[in-house]
Number of protein chains: 2
Amino acid sequence: MSEKRRITLKDIARELGISVSTASRALNEYPGISEETIKMVQDFAKKHNYVPNSIAVNFRKNKTMTIGMVVPEVVHYYFSSIISGALDAATKKGYRLLISQTEEKAELEMHACHAMLAGNVDGLLISISNETSDVSHIQEFLDEGKPVIQFDKYSDKLKTPKVITDDYQGAHGAVKHLIEQGYKKIAHINGLENVQNSVDRLAGYRQALIDHHLEQHPEWIPHCQQITEEEGYRFAKQLLESKNPPDAIFCITDLVALGAMNYLRESNRKVPEEIGVMGFSNWKISEVMQPSLSTVEQHGYQIGLRATELLIESLQSNDKSLRDQKIEIQSDLMIRNSTLRKG
Amino acid sequence: MSEKRRITLKDIARELGISVSTASRALNEYPGISEETIKMVQDFAKKHNYVPNSIAVNFRKNKTMTIGMVVPEVVHYYFSSIISGALDAATKKGYRLLISQTEEKAELEMHACHAMLAGNVDGLLISISNETSDVSHIQEFLDEGKPVIQFDKYSDKLKTPKVITDDYQGAHGAVKHLIEQGYKKIAHINGLENVQNSVDRLAGYRQALIDHHLEQHPEWIPHCQQITEEEGYRFAKQLLESKNPPDAIFCITDLVALGAMNYLRESNRKVPEEIGVMGFSNWKISEVMQPSLSTVEQHGYQIGLRATELLIESLQSNDKSLRDQKIEIQSDLMIRNSTLRKG
DNA sequence: TTGAAAGCGCTACCAT
DNA sequence: ATGGTAGCGCTTTCAA
């Protein structure tokens, strides 16, 4: 079991007959240390496999080089893409990433944030849960002078930068495409009414209809509570069985579109000929569906990357001019078969 | 900007006219402290929102309550499920989870492990990359007495517990099911020959054929290099166009099965009537494919949970009797339409 | 039941 | 160019 104890600066100093401060300075190549001392110390350190005790360094410097990241769900294509981008940006800059998930529960989010704060992360990346309305647990970071970046789902109560998908434009472009394909009665299965993404996508949808003078009906805009496949199925059924059925459905997310497609297949409606279906997010399932699903790519990786870079910038400078801006990452329309009526 | 400085034990002691040690003991409810002192200190702490400086605590106790987790890819259904389980287990026990991804590159894995070690994680959870053969960067943890648990992809060179899918049984059951459905010429698109999962699944496949006295051909066992959809397509084509084409294909993973299904659809072969297709992993795409794909559920969440619990147990006890065991999480056959010829 | 003080490993200030 | 030393916030041993 002979566990090797790591050697410390003190050991190096003693062995080399120099002082601890000299050893420290040599290792960190401070100015005012002779070349030979630097070489001697660094050689010794390498030879004996010296690894600085980062806890002690953190303690002394009162920072941890650690970023906390709080997301609703890890098992989710979009969020895992964001995490991947954040991981790469953090690693590149020498930061570490601590991750927590909240399962969309306000209480778990509060716990996670408190744990992050108590654990002395240098800054926070967070996408709030659907349940969250009180954001004081996040405000605490700002009160302590620790930068926070919100991404994806955010609260306007917090004066922080926000890195988000261009939901309005994404939705607008998606619906415009449906219109160009000749669909005229376009429904939208929307999300929760108090979540900003849903609000923005709804606004983009509405504007596209207005732009092209198409009819609008409140009944054509059901709201999901859970954003599930089952809701997609149920709302598609409800829409198609109504007195004034739409000829296209724009869904708040690919999973909802999957449910809608399942209903359409079961009820023998032809997609895209009779009904057009559009998703949002570009999950792998959108490629796999039959017919393949047109959707909107959100570039999760870019969002994670950008949010993390922004956080690190603010960690490294004292310029807080970043505060409260919105950075929108451009989405891309992915045209597949579920909306391709022409050519 | 008035950043609130956090209050320290010293502040509490000074304000309350007691010593720092008494304050510490009262907060941690050590024996031999009067009820009233405990109450006084804890009330004061709560009132002034005292949060212990965890860096100092860590420093003092020489542990971080942090677990390092290294995976090949975060954007991957199976791995994100594992992460989710690990996150939940860690959180429950008061540990934090630091995550790194290696992109299946040995060099990035080495960097990630060194960063974890330098960052003083208490223990390591790792699934090695396909490229990894030298494992000295992981051995270093063991040399320092830090527990390591391997999961999913592992190396036998490391004497650590391994939490893995029951690949042999999973593959065996999957092929047995194909045989029971009446398929007689069963091919297997396998993975890398030096990766244990592939080896075990191949062994399960072979044994099932032997059990039922079915023919075996080396040409029926192509090996993927990247485990991609494209390879699935290519190998399915190669198999079906060969002189002795199989009537069923067992694929190393769902993504490969997707590629195979794409080829079969394009070449107008009926699944499951003419050709049976079986995947492995139970990704969301397997449900979505037309026809839906039979596959093997790997219970990633359970693997992450179990691996983390195991690590924490070993962190909290000195009983190292866990060493070098293999814990196999039972997989489950998911029968869908791609193999359902009867009934 | 409480206090005083050492010390974890390192950095940085003040000397020389 | 180098050494001595204080001190970060906390826990823990020893003493009272």
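Protein chains get the first letters and strands the later ones, always in sequence-line order, with residue 1 at the start of each.
Annotation: of the two residues near DNA chain C, Ile38(B) and Thr8(A), the 5′-most nearest-nucleotide partner is Ile38(B).
Helix bend of the helix from dT1(C)-dA16(D) to dT16(C)-dA1(D): the angle between its two end axes, each built from five pairs, comes to 40° after rounding to 10°.
More than 12 heavy atoms of other residues, nucleotides or ligands shown are found within 6.0 angstrom of CD on Gln42(A).
Using a distance-only test at 3.5 Å, with no hydrogens or angles considered, no donor-acceptor pair links the side chain of Ser127(B) to the main chain of Val71(B).
Residues of residues 9-24 of chain A having a heavy atom closer than 4.0 Å to DNA chain C, listed by number: Leu9(A), Lys10(A), Val20(A), Ser21(A), Ser24(A). A heavy-atom distance below 4.0 Å to DNA chain D is reached by these residues of residues 51-68 of chain A, ordered by number: Phe59(A), Arg60(A). Against DNA chain D, the stretch residues 26-37 of chain B makes heavy-atom approaches under 4.0 Å through Asn28(B), Tyr30(B).
Residues passing the side chain to side chain contact (heavy atoms under 4.5 Å, CB included) test with Lys326(B), sequence neighbours excluded: Tyr154(B), Asp156(B), Lys162(B), Ile164(B). For the salt bridge (Lys or Arg N to Asp or Glu O under 4.0 Å) test, residues two or more places apart in sequence or in another chain that qualify with Glu103(A) are Lys105(A). In this view, Ser34(A) and Glu36(A), Thr37(A) satisfy the side chain to side chain contact (heavy atoms under 4.5 Å, CB included) rule, not counting sequence neighbours. Listed by chain and residue number, nothing satisfies the salt bridge (Lys or Arg N to Asp or Glu O under 4.0 Å) test with Arg25(B) (two or more places apart in sequence, or in another chain). The salt bridge (Lys or Arg N to Asp or Glu O under 4.0 Å) search around Lys39(A) returns Asp43(A), not counting sequence neighbours. For Glu140(B), the salt bridge (Lys or Arg N to Asp or Glu O under 4.0 Å) criterion is met by no residue, not counting sequence neighbours.
Residue pairs meeting the salt bridge (Lys or Arg N to Asp or Glu O under 4.0 Å) criterion with at least one member in residues 12-22 of chain A, sequence neighbours excluded: Asp11(A)-Arg14(A).
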* To do: Test side-chain hydrogen bond (donor to acceptor under 3.5 Å, both in side chains) on Thr165(A) and Tyr78(A) and set out the steps.
  => CA-CA 11 Å; Thr165(A) 299; Tyr78(A) 180 52; 3.1 Å; yes
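Using a 4.0 Å cutoff to heavy atoms of chain B, the contacted part of DNA chain C runs 5' to 3' from dT1(C) to dG9(C).
Under 3.5 Å, the side chains of Asn130(A) and Lys153(A) contain a donor-acceptor pair of N or O atoms. No hydrogens or angles considered: a donor-acceptor pair under 3.5 Å links the side chains of Ser84(A) and Gln101(B).
Minimum interatomic distance between Ile82(B) and Phe151(B) (heavy atoms only, all atoms of both residues): CG2-CE1, 3.7 Å.
In this structure, Thr132(B) and Lys157(B) have side chains that are not in contact, with every pair of non-hydrogen atoms separated by 4.5 Å or more.
The distance from atom CG of Leu124(A) to atom CG of Leu142(A), rounded to the nearest 0.5 Å, is 9.0 Å.
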